[in-house]
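Heads up, the thing below is written out as structure tokens.
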Protein chains: 4
Amino acid sequence: MTEEVKAPGRARRLPRAVRERQILDAAVEVFSRHGYHSASMDEISEVAGVSKPMIYSYLGAKEDLFAKCIRREAGRLLEAVRAGIRTELPPDMQLWHGLRAFYRFVAEYRDSWTVLHRQALTVGGQFADEVTVLRTKAIDIVATLVVTAGTKQGLGQVAEFSGPALAVSLVGAAESLADWWLDHSDVSDGVLASWLMNLVWLGFNDLVEGQVWRPAG
Amino acid sequence: MTEEVKAPGRARRLPRAVRERQILDAAVEVFSRHGYHSASMDEISEVAGVSKPMIYSYLGAKEDLFAKCIRREAGRLLEAVRAGIRTELPPDMQLWHGLRAFYRFVAEYRDSWTVLHRQALTVGGQFADEVTVLRTKAIDIVATLVVTAGTKQGLGQVAEFSGPALAVSLVGAAESLADWWLDHSDVSDGVLASWLMNLVWLGFNDLVEGQVWRPAG
Amino acid sequence: MTEEVKAPGRARRLPRAVRERQILDAAVEVFSRHGYHSASMDEISEVAGVSKPMIYSYLGAKEDLFAKCIRREAGRLLEAVRAGIRTELPPDMQLWHGLRAFYRFVAEYRDSWTVLHRQALTVGGQFADEVTVLRTKAIDIVATLVVTAGTKQGLGQVAEFSGPALAVSLVGAAESLADWWLDHSDVSDGVLASWLMNLVWLGFNDLVEGQVWRPAG
Amino acid sequence: MTEEVKAPGRARRLPRAVRERQILDAAVEVFSRHGYHSASMDEISEVAGVSKPMIYSYLGAKEDLFAKCIRREAGRLLEAVRAGIRTELPPDMQLWHGLRAFYRFVAEYRDSWTVLHRQALTVGGQFADEVTVLRTKAIDIVATLVVTAGTKQGLGQVAEFSGPALAVSLVGAAESLADWWLDHSDVSDGVLASWLMNLVWLGFNDLVEGQVWRPAG
DNA sequence: CATGAATGAGGTTTCATTCAT
DNA sequence: CATGAATGAAACCTCATTCAT
């Protein structure tokens, strides 16, 4: 019976950038599992396979570490969504592709999503801001689509319409559905996106009347 | 010669139910301010004007206390929404009235809402369940409306539709808009509800085409 | 063989003031032995027979604790010296009695003296200030004696004289001799004071010429 | 084409003696600023422009390093004082010149003085010894002067006199005045020395009677 | 009933020191 | 020779929880 377990103690020497990525990966995983407060630096260091002083030396205190996680994951998510949108298509298709990209990201980087959505909002203002920036950017993308289409008809004038508020709502709906998906993963990202399109693009009323939105590509 | 001066540090003896309410009120306030983990039993006991052993004696450990907060506030919220709905009206008006009741509750019991929405999700599965129960009930209310209307037309048949999923989305949109409202309080609950109705009842498409939903009562 | 050792664990409940004194006593002892930085809260709590949280609850963090030690011991020392001086006597006898009181204090509260003289000066400005205040008060006492006598003769005018500077020097000499005494304790406080009197009152020159100062009471 | 640019992070290879001096200089500066315990090897290595392993390789652990600082600075100070004394002059002038040399050293090597006087005493017995040796040597110089003069008159006989004790006192006075000087630097070293001479050579009594000591050269 | 007093356990952070390149 | 990378050990501090009055 050979000794498979790596002897604990001194870790292999790796370049700093690699170690930082290792640590951030571990941190995202642990923060996702326990939340900011319950996560312990001990567990993060254990998961990362690195001693605690390395973490402090490379990424700073717990707060800094968390902020860096948030920032990295937020950047990734936003990038994924932006890359998914095809600006040459009509607005509804852009929205649909953006939503699909979002759900693919959630499926692939479950921990990232959990940290961003569930944990970052509760630690008090300083991190909420980081996430707010992300949401704001996401909302802007949506709002641009909606408002662009809407203003053609002078919708900005009527009290029943508010571009930002509708965008906020849509983003909230998408997030909520993402959470639900985590427990009902037997649906494809395309179907999820279609559901949302039918909700926000057509609305219940049209659905009730038998109209259905379907991707045109 | 009776002793009129209240001995400092020793509270008047009060019936148990009153004490429990005092404590729960304080707990909701503190949990709302700091979140579950950062909230300290010391602060709760201070805000409640009651010594810590009383809390443990009446409501149990921190976890129990939090769970009881969640349950009480969730009950209040659901009750408020149920009371707001007028079942004699058509589905869209029911939805509109339900949403208004929800926003009135959020405005009036801001701490309750914060605890339910922001804090309860982060404490790991144990409390998420409590909140899930609440959301499920809220979603059921919505789903009943939607599905009732929808099944008339056989909507359950097409893949683009899922009653529960749409309900989840709507609830998420409503929550998200509630959060947004906390920072943009210069809008009435009726307007908020109308915005949401235009999103989910009519959809972007109809809006763009110039149709607008307005409460019919 | 009966069990003599007090079972560790819960300490007897004592009124807060008593515990605070216990803790301060222990802290002075430990700070005296190891200095501010090397002293550990663990050792202090052990010596005090109290758990660490009590220390933090009653006297605050390490810095606060140290400051409180300094302030208490400085007050004691100054009080002892003031009480020793008999203002009805002539200046030289006042000085002599003040010095004796000082040495008696050093002998009786060795730890206090060590903390005040050796440790407090090295921790950086914030505590040095506390001690500087003490020294300043001591120096003022001396300077008052010296200058009172000196100004009669118009000594303030000549460059070779500076009341404050001479007082500083005398205090330094007294402190230095106190340190020396800690390792040569076979001399009485009266003799120590006499040596100093012969140094600062008569000076080497008079000594060389055979004059000697002796207490006149 | 030779590589002219100094690779960052890698220091030029220098003879060992130079490196050791660099390191000791940096150590004295840092120890003087923060004290023994608060000084970090990191800061020392940074100030020295040398990596930490070099320090350990050349001068040993922190304790060794500190001891070597003390020893070097003590040697310098003693040498300066010895060089200042002119043995061909009468005892009082020797003392005066010695004091002047001492104050000039303090002014020029402020860090050295701080380390010797303030920091070395607090680290527990281990370094106090090093400093004690220095003080002892300084005291010996003074004591020799005093005793030489004093024994002419048989001063050793009376209880009111102790050569070593008086020397200790004088050194203490000189040190104390040096510290005072650090905050009142607008006085020349000659004036400082004169003040001390008036204190210890003439004494308060003679001063009050109008006698003043002045350098005779 | 009500509380001040008390603590075990655990978290974050820092630092002197050494190994392997 | 010189160093970046790595860590064991230990310090400070806080908090949920309970006992004894």
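Keep in mind that this is a model prediction, so the values were computed, not measured. Just so we're on the same page: letters track the sequence lines, and every chain starts at 1.
Whole-Å rounding puts the I55(D) CD1 to dC15(E) P distance at 15 Å. In this structure, the CD atom of E20(D) is 15 Å from the C1' atom of dC1(F), given to the nearest Å. In this structure, M54(D) atom CE and dA16(E) atom C1' are separated by 17 Å, rounded to whole Å. Put simply, CD on E63(B) is 8 Å from P on dT17(F), counting in whole angstrom units. Atom CD in E46(A) sits roughly 15 Å away from atom C1' in dG11(E) (whole-Å rounding). One atom, NZ of K62(A), and another, P of dT13(E), lie 8 Å apart when rounded to the nearest Å. Between the CZ atom of F31(C) and the C1' atom of dA11(F) there is a distance of 13 Å, rounded to whole Å. Note: CG (L59(D)) to P (dT18(E)) measures 15 Å, nearest angstrom.
For the pair P53(C) and D42(D), both in contact range of DNA chain E, the more 5′-proximal nearest nucleotide belongs to P53(C). Mapping G60(A) and A61(D) onto DNA chain E via the closest heavy atom, the residue that lands nearer the 5' end is G60(A). Each of A39(B) and P15(A) was assigned the nucleotide of DNA chain F with the nearest heavy atom; the assignment lying further toward the 5' end belongs to P15(A).
Taking 4.0 angstrom as the limit, Y58(D) places a side-chain polar atom (N or O) nearer than this to OP1 or OP2 of dA2(F). At the phosphate of dT7(E), neither OP1 nor OP2 sits under 4.0 Å from any side-chain N or O atom of Y56(C). Contact annotation: R19(D) reaches the phosphate of dA2(F) (side-chain N/O to OP1 or OP2, under 4.0 Å).
Side-chain contact between H34(C) and H37(D) is absent, with no heavy-atom pair separated by less than 4.5 Å. Counting heavy atoms from C-beta on, the side chains of T114(A) and F31(A) never come closer than 4.5 Å.
With hydrogens and angles left out, the side chain of K52(B) and the base of dT17(F) share a donor-acceptor pair within 3.5 Å.
Partner assigned to dT21(E) is dA2(F), using Watson-Crick or G-U wobble distances below 3.5 angstrom.
Using a 4.0 Å cut-off between charged nitrogen and carboxylate oxygen, D64(A) and R71(A) do not count as a salt-bridge pair. Looking at E20(B) and K68(B), no side-chain N of the basic residue comes within less than 4.0 Å of a carboxylate O on the acidic one, giving no salt bridge.
Heavy atoms of M41(C) sit under 4.0 angstrom from primed sugar atoms or phosphate atoms, though from no base atom.
Contact detail for V30(D) and A39(D): the closest heavy-atom pair is CG1-CB, 3.7 Å.
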